[in-house]
Amino acid sequence: MLLERYLDDLAAATMQEALGLEERPRALLRTTQDPKFGDYQINGAMALAKRLKKAPRDLAGPIAEAMAKHEAIAKADVAGPGFVNLTLDAGWLGRQLAAALGDARLGVDAVEAPEKIVVDFSSPNIAKQMHVGHLRSTIIGWSLVQLYRAVGHEVIGDNHLGDWGTQFGLLIVGMREFGDEGALEKDAIAELERVYKLASKKAKEDEAFAESARAELAKLQGGDPENTALWERFVATTRQTLEAIYARLGVRFDEWLGESAYDAMLPGVVETLLEKGIAREDQGAICVFFHDMDPGAIEGAVEGYALPKRLRKQKQPFIVRKKDGAFLYSTTDIATVLHRKEEMGADRSVYVVGAPQALHFEQLFAVMRLLGVEMGLEHVSFGSVLGEDGKPLKTRDGKTVKLKDLLDEAEQKTREIVEASRAEGKLRIAEEDLDEAVATIGIGAVKWADLMQNRATDYKYDPEKMCSFKGNAGPYVQYQYARVRSLFAEGGLEYEGFEAPIAPEHEAEVGLARVLIRFGDVVHRAAEGSLPNLICDHLYEVASAYSRFYTQCPVLKSEGETRETRLGLAALAGRQLEKGLELLGIEVLERM
RNA sequence: GCCCCCGUAGCUCAGUCGGAUAGAGCAACGGUUUCCUAAACCGGAGGUCGGAGGUUCGAAUCCUCCCGGGGGCGCCA
């Protein structure tokens, strides 16, 4: 069950009845920040006090009295200026947890109105290595796919590849002039990158060369068989390299609809924009100007749509066709939304793209509203990965960090630490499981480090800290999971499908229970706000509450109901750690 | 020129719809192992929430201005 939603409804209904109000008031239920205030607090009495011209504590009194009668509530007190502090009944709490333990969804109820959501993430360019810039989109995007699914939505993960556009003209003429067939066979991306660099340099110096690149691009876009075959080869070989990285990261896509998939729609898109008066020609280019736009005058625009203030102040246009007739990614993005709405029947389209592109998406979404599209459009933006110096992460010699190298480094550091720990006899990883364990821990560490902070802010990438395995880090959480599994193995008990009645009594049992009960609420809040860091927060709390519990409460040596309770709590902690990590795209190990 | 984001402990970061004494981790300091994994646990210390006004019963959170840092904005994606 979703406890917070349940309690909030309960509190609001109780307030209405106890105070004899005509309307349902807002209960303003919050978790307490200190256990001495109980588990939850109702703050609504203070908000009501002014309107009802009464002292907040006089309102809080009857609310507390009525709340205390409910079976879920052990204690309800008025405190401070008018808080109503609620302490959950331990027996009731235990019954809810036992039910969650026997529930395949672990108490994460499905949303009432499931939606079809397209998550647009990762989206690397063809003919280029994936680099740090793709790290966050790939990791956050994959987590969101899991999160939306966990709360009952239908999700389509779409890799919107950069597989079309100007660079292909350069690649075609470049391969002809500088290309090495053998190298292309061996390591396609490295060869394509090398050729692209040479070609783009030459194009800047040699106008005839640049012209032939444009001509080849035009031929490609016109369907020329020879160029199309070359392009297909570039795409296919690049994709192999990409698949290897995704396999390593455990990321999968339902669709790989790159920019090329929308090519045929582009002239029509521009034509429609011109017809409706959304775009106009300016200096040879087709532009959408927002500063002098009146959405009310656009036929078919979303009823009552008002342009964001920020766009009204933006004098620079949103360009949908260049003066040379070529289309841009803005045009492709418009076509993509139309495709997702009309062909895929999506209710929402979510873009996991860095914060610097915020303006582009604001403009894109505005154009879609002007076209009358009402589907949900959301830019899930995130900050940059910075180096030690606080500037965008680069290698020592100033180059972009390749994603593969970053992952290799993380695994290397992990291997050193794991081997040292094994030598000291601290870990129980078998020799033959070492490679797999290093990969699971190392990749998990990278993902945790990325997901644990609020995605909005930039963060400093620190491999030492990430792999140090102390405190709030992925390996710590994985380790606590392994301890749960080890407990069951030690006791000769079946972990999978384990169920038991739960009746917490010991302080550490109750402490763990009051963390575990929040899981469903946390998953929903994370999905609603597209905030995987909330899952990290919760899992870290579960892991540390479990570790505290484990230190204070002997499990296998206890007996009767106490043993049942402790095993039940341990099993549920294990389930939440495993499921929660899965939502982050992080795998677990049974033994560490 | 216009716009957006960020500023919280020595460091890295949380902080939900405005709630009580602003929280974690790391580092540093002190302690815990005949006991189911010590990659663990326990304890103390560490703060003018960039600054100044304002709104509010109540502000790190909302509004205005200022300072500092980062980023974006006509023909790349």
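Values below: every heavy atom of this structure, side chains too, minus hydrogens, waters and symmetry copies. Reminder, nothing fancy here: chain letters follow the sequence lines and each chain counts from 1.
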A.B. asks: Would you measure the distance from the P atom in B:A22 across to the matching atom in B:U32 and give it in whole Å?
C.D. replies: 32 Å
A.B. asks: Among B:C6, B:A40, B:U16, which is the nearest nucleotide to the side chain of A:Tyr479?
C.D. replies: B:A40
A.B. asks: With rounding to whole Å, what would you report as the distance between B:A24 and B:A77 at their P atoms?
C.D. replies: 48 Å
A.B. asks: What does A:Thr31 touch in the nucleic acid at a heavy-atom separation under 4.0 angstrom: a base, only the sugar-phosphate, or nothing?
C.D. replies: base
A.B. asks: Please determine, by modelled atom types, if A:Trp256 and A:Asp163 share a side-chain donor-acceptor pair under 3.5 angstrom.
C.D. replies: no
A.B. asks: Distance check: side-chain N/O of A:Arg548 vs OP1/OP2 of B:C42, anything under 4.0 Å?
C.D. replies: yes
A.B. asks: Considering all heavy atoms of both residues, which atom of A:Glu362 and which atom of A:Leu311 are nearest to each other, and what is their separation?
C.D. replies: O-CD1, 3.7 Å
A.B. asks: What distance, rounded to whole Å, do you find between the two C1' atoms, one in B:A9 and one in B:A14?
C.D. replies: 13 Å
A.B. asks: Record whether the side chain of A:Arg483 comes under 3.5 Å of the base of B:U37 through a donor-acceptor pair of N or O atoms.
C.D. replies: no
A.B. asks: Whole angstrom is fine here: how far is it from CG in A:Asp537 over to P in B:G15?
C.D. replies: 7 Å
A.B. asks: Would you find a donor on one side and an acceptor on the other, under 3.5 Å apart, between the side chain of A:Thr31 and the backbone of A:Tyr40?
C.D. replies: no
A.B. asks: Quick check on B:U37: is either OP1 or OP2 less than 4.0 Å from any side-chain nitrogen or oxygen of A:Ser486?
C.D. replies: yes
A.B. asks: With side chain to side chain donor-acceptor pair (under 3.5 Å) as the test, would you mind laying out the steps for A:Thr87 and A:Asp39 before giving the verdict?
C.D. replies: CA-CA 5 Å; A:Thr87 303; A:Asp39 297 311; 5.1 Å; no
A.B. asks: Is A:Cys467 touching bases, backbone alone, or none of the nucleic acid, heavy atoms closer than 4.0 Å?
C.D. replies: nothing
A.B. asks: Between A:Arg57 (side chain) and A:Gly80 (backbone), is there a donor-acceptor pair under 3.5 Å?
C.D. replies: yes
A.B. asks: Is it the case that the side chain of A:Ser123 and the backbone of A:Asp120 share a donor-acceptor pair, with hydrogens and angles ignored and the cut-off at 3.5 Å?
C.D. replies: no
A.B. asks: Does A:Tyr550 put a side-chain nitrogen or oxygen below 4.0 Å from OP1 or OP2 of B:C36?
C.D. replies: no
A.B. asks: Could you measure between the two P atoms, the one in B:C62 and the one in B:G18, and give it in whole Å?
C.D. replies: 8 Å
A.B. asks: Given B:C36, is OP1 or OP2 found less than 4.0 Å from the side-chain N or O atoms of A:Lys557?
C.D. replies: no
A.B. asks: Could you work out the separation of B:C63 and B:U56 based on their C1' atoms and round it to a whole Å?
C.D. replies: 12 Å
A.B. asks: Check whether any side-chain N or O of A:Ser143 sits under 3.5 Å from a backbone N or O of A:Ile139 as a donor-acceptor pair, and report yes or no.
C.D. replies: no
A.B. asks: Once pairs are restricted to Watson-Crick or G-U wobble with both distances under 3.5 Å, how does RNA chain B read as a dot-bracket string, [ ] for crossings and | for other-strand pairs?
C.D. replies: (((((((..((((.....[...))))..((((.......))))......(((((..]....))))))))))))....
A.B. asks: Quick one: salt bridge (charged side-chain N to carboxylate O under 4.0 Å, His left out) partners of A:Glu23, sequence neighbours excluded?
C.D. replies: none
A.B. asks: Across the strands shown, which category fits A:Asp462 at heavy-atom distances under 4.0 angstrom: base, sugar-phosphate, nothing?
C.D. replies: nothing
A.B. asks: Within the pair A:Thr457 and B:A14, is there a side-chain N or O less than 4.0 Å away from OP1 or OP2?
C.D. replies: yes
A.B. asks: What heavy-atom pair brings A:Lys315 and A:Phe289 nearest, and what distance separates the two atoms?
C.D. replies: O-CD2, 3.7 Å
A.B. asks: Please tell me which of the listed nucleotides, B:A14, B:U37, B:C3, lies nearest to the side chain of A:Arg428?
C.D. replies: B:U37
A.B. asks: Rounded off to whole Å, could you give me the CZ-to-P distance for the A:Arg5 and B:C17 pair?
C.D. replies: 14 Å
A.B. asks: Rounded to the nearest angstrom, tell me the gap between atom CG in A:Leu569 and atom C1' in B:C36.
C.D. replies: 16 Å
A.B. asks: Are any of A:Tyr476's side-chain N or O atoms less than 4.0 Å away from OP1 or OP2 of B:U37?
C.D. replies: no
A.B. asks: Could you measure between the two C1' atoms, the one in B:U8 and the one in B:G69, and give it in whole Å?
C.D. replies: 16 Å
A.B. asks: Considering only the P atoms, how many Å lie between B:C5 and B:C17, rounded to the nearest integer?
C.D. replies: 16 Å
A.B. asks: Distance to the ring centre below 6.0 angstrom and angle to the axis at most 45 degrees; does that hold for A:Arg591 and A:Phe488?
C.D. replies: no
A.B. asks: Could you state the atom-to-atom distance from CZ of A:Arg214 to P of B:C76 in whole Å?
C.D. replies: 11 Å
A.B. asks: Could you pick out which residue, A:Arg591 or A:Lys460, lies toward the 5' side of RNA chain B when each is mapped onto its nearest nucleotide?
C.D. replies: A:Lys460
A.B. asks: Please identify each residue that fulfils side chain to side chain contact (heavy atoms under 4.5 Å, CB included) with A:Asn43, with sequence neighbours left out.
C.D. replies: A:Leu28, A:Arg30, A:Gln41, A:Met46, A:Phe83
A.B. asks: Please enumerate all residues that pass salt bridge (charged side-chain N to carboxylate O under 4.0 Å, His left out) together with A:Arg312, with sequence neighbours excluded.
C.D. replies: none
A.B. asks: Please answer whether the main-chain N or O of A:Leu328 pairs with a side-chain N or O of A:Thr331 as donor and acceptor at a distance below 3.5 Å.
C.D. replies: yes
A.B. asks: Reading nucleotides 18-26 of chain B from the 5' end, what letters show protein touch, with B for base, S for backbone sugar-phosphate only, - for no heavy atom under 4.0 Å?
C.D. replies: -BBB-SSSS
A.B. asks: Using a cut-off of 4.0 Å on non-hydrogen atoms, how would the nucleic acid contact of A:Met592 be classed: base, sugar-phosphate, or nothing?
C.D. replies: base
A.B. asks: Scan nucleotides 63-75 of chain B nucleotide by nucleotide, 5' to 3', and note B when protein non-hydrogen atoms come under 4.0 Å of the base, S if they reach only the sugar-phosphate, - if neither.
C.D. replies: --------SSBBB
A.B. asks: Are the side chain of A:Gln453 and the backbone of A:Ala449 linked by a donor-acceptor contact shorter than 3.5 Å?
C.D. replies: yes
A.B. asks: Rounded to whole Å, how long is the line connecting atom CE of A:Met466 with atom P of B:U12?
C.D. replies: 17 Å
A.B. asks: Can you tell me how far P in B:U37 sits from the matching atom in B:G46, rounded to whole Å?
C.D. replies: 38 Å
A.B. asks: State which of B:A14, B:U37, B:A77 makes the closest approach to the side chain of A:Thr166.
C.D. replies: B:A77
A.B. asks: Both A:Glu424 and A:Gln453 contact RNA chain B. Taking the nearest nucleotide for each, which residue is further toward the 5' end?
C.D. replies: A:Gln453
